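Data first, discussion second: the structure below is written as structure tokens.
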Amino acid sequence: MTTTREQQLTEAFVALSDTLGDNVDPLVLLGRLVHHSVALTPVDAAGVMLANTRGGLRSAITTEHAAELTEIWQAEVKQGPCIEAFTTGRVVHAPELASQQNRWPDFTPLALAAGYEGAHALPLRHRGQTIGALNLLVRHPTALTDADTTLLRALADVATTAVLAWDRQPLRPEDITTRTQTALIGKAIFDTASGMLAATADITPAEGASSLRAYADRHHLRPTDVADQLVRRTLDAHTVVAARA
């Protein structure tokens, strides 16, 4: 009989490899990656940082706002587990951040202040090219087992391939950069639209984002398409937030 754990793993890999659904786009796939990273391992929060055209990392998606702040700060000070994983192409483990003050003097205090006492990161790679990093945070000092790391690596590899393999043609290095940029642009549009919904309904940006996703799911649309319609004013923000009630 299939166990709950086996069912979870099967559902995770099927969801991450789905590039055919009408409501699937890169941010949806990356959202599934961070969700399953938290659900299937001891990690408390997760996010994805992607490389932009200038080779710097930018936050693409996170499971919670505090995790996004750690990514923004890593990009700003150019240090932290994601920066190191992206630069070296290796998995980075820092189960107890309090002991990493010398390693990341600017990043560590902010991560601790945000409520995370441990951090890990995996490089996101495709055909030998590192395109970003998977950000993994824990609220209490926590070491990841080899099994945890192997599972996270497998989830990340499937999601990365799915995000980049939108057609059957082999991807050139410049194609990979273009597609990671598309995901980052989608993130910027999504954040703008979430802010618009927040201002319209006097709610938080996080609640605005939830409303946007719920509207997209209800109408079988891609969240980034809904966000684009809101930003272009072809969809009324009141229509989206009204559905919250």
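Excluded from the calculations below are hydrogen atoms, water molecules and symmetry mates; all remaining heavy atoms, backbone and side chain alike, are included. All figures in this text were calculated on a predicted structure; none of them were measured in a lab.
Between His140 and Glu96 there is no side-chain heavy-atom pair separated by less than 4.5 Å. At least one side-chain heavy atom of Leu144 sits less than 4.5 Å from a side-chain heavy atom of Val43. At least one side-chain heavy atom of Pro42 sits less than 4.5 Å from a side-chain heavy atom of Asp148. With contacts defined as side-chain heavy-atom distances shorter than 4.5 Å, the pair Val138/Tyr116 does not qualify. For the pair Pro95 and Glu117, the minimum side-chain heavy-atom distance is 4.5 Å or more. Looking at Val38 and Leu136, their side chains never come closer than 4.5 Å, going by heavy atoms from C-beta outward. Between Leu57 and Lys78 the shortest side-chain heavy-atom distance does not fall below 4.5 Å. Using a 4.5 Å heavy-atom threshold, the side chains of Val92 and Arg103 count as touching.
Counting only N and O atoms by type, the side chains of Trp104 and Glu84 include a donor and acceptor under 3.5 Å apart.
Panel note: side chain Glu68, backbone Thr62; no donor-acceptor pair is recorded below 3.5 Å. When atom types are taken as modelled, the side chain of Asp106 and the backbone of Val77 share no donor-acceptor pair closer than 3.5 angstrom. Under a 3.5 Å cut-off, the side chain of His120 and the backbone N or O of Thr142 do form a donor-acceptor pair. Of the possible donor and acceptor atoms, none in the side chain of Thr200 sits under 3.5 Å from a partner among the backbone N and O of Ala237. Thr239 contributes no side-chain N or O that, together with a main-chain N or O of Leu235, makes up a donor-acceptor pair within less than 3.5 Å. Judged purely by atom type and a 3.5 angstrom limit, Glu207 uses its side chain to pair as donor or acceptor with the backbone of Thr204. Thr149 contributes a side-chain N or O that, together with a main-chain N or O of Thr145, makes up a donor-acceptor pair within less than 3.5 Å. Side-chain N or O atoms of Arg222 include none that pairs as donor or acceptor with a backbone N or O of Val28 at under 3.5 Å. Using a distance-only test at 3.5 Å, with no hydrogens or angles considered, no donor-acceptor pair links the side chain of Glu64 to the main chain of Ala45. A distance-only check finds no donor-acceptor pair linking the side chain of Thr160 to the backbone of Asp157 [under 3.5 Å].
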Original post:
Can you check side chain to side chain contact (heavy atoms under 4.5 Å, CB included) on Phe107 and Thr70, steps first, answer last?
Top reply: CA-CA 8 Å; Phe107 166 76; Thr70 71; 4.0 Å; yes

**OP:** Given side chain to side chain contact (heavy atoms under 4.5 Å, CB included), test Val48 with Asn135 step by step and report yes or no.
**Re:** CA-CA 6 Å; Val48 168; Asn135 187 26; over 6 Å; no

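Put simply, CG on Leu50 and CD on Glu71 are 9.5 Å apart, with the number rounded to the nearest 0.5 Å. Note that CG of Leu137 and OG1 of Thr63 are 8.0 Å apart. Values are rounded to the nearest 0.5 Å. Taken from CZ in Arg218 to CG in Leu221, the straight-line distance is 11.0 Å, to the nearest 0.5 Å. Here the CZ-OG1 distance, from Arg125 to Thr161, works out to 12.5 Å after rounding to the nearest 0.5 Å. Between Arg153 atom CZ and Asp146 atom CG the span is 14.5 Å, to the nearest 0.5 Å. Rounded to the nearest 0.5 Å, atoms CD1 (Ile72) and CE (Met49) are 8.5 Å apart.
Around the CZ atom of Arg90, the shell of radius 6.0 Å holds no more than 12 heavy atoms that belong to other residues, nucleotides or ligands.
Across all their heavy atoms, Ile203 and Gly208 have their closest contact at CD1-N, 3.7 Å. When every heavy atom of Gln100 is checked against every heavy atom of Ala94, the shortest pair comes out as CG-CB, 4.0 Å. Considering all non-hydrogen atoms of both residues, Phe190 and Ala227 come closest at CA-CB, 3.7 Å. Closest approach of Gly31 to Ile61, counting heavy atoms only: CA-CD1, 3.6 Å. Ala193 and Leu212 get closest at one heavy-atom pair: CB-CD1, 3.7 Å. Between Ser211 and Val240, the shortest heavy-atom distance links the atoms O-CG1, 3.9 Å.
A side chain to side chain contact (heavy atoms under 4.5 Å, CB included) with Leu134 holds for exactly one of Pro81, Ser37, Cys82, Pro123; it is Ser37.
Leu184 is not connected to Phe86 by any chain of hydrophobic side-chain contacts under 4.5 Å among Ile, Leu, Val, Met, Phe, Trp and Tyr, and they are in different clusters. In this structure, Leu69 is not a member of the same hydrophobic cluster as Leu112, with clusters built from ILVMFWY side-chain heavy atoms closer than 4.5 Å. By the rule that hydrophobic residues join a cluster once side-chain heavy atoms approach within less than 4.5 Å of another member, Leu122 and Leu151 end up as members of one cluster.
A salt bridge does not link Arg213 with Asp217: every distance from a Lys NZ or Arg NE/NH1/NH2 to an Asp or Glu carboxylate oxygen is 4.0 Å or more.
Classification of the Tyr215-His219 ring pair by plane angle, with boundaries at 30° and 60°, yields tilted.
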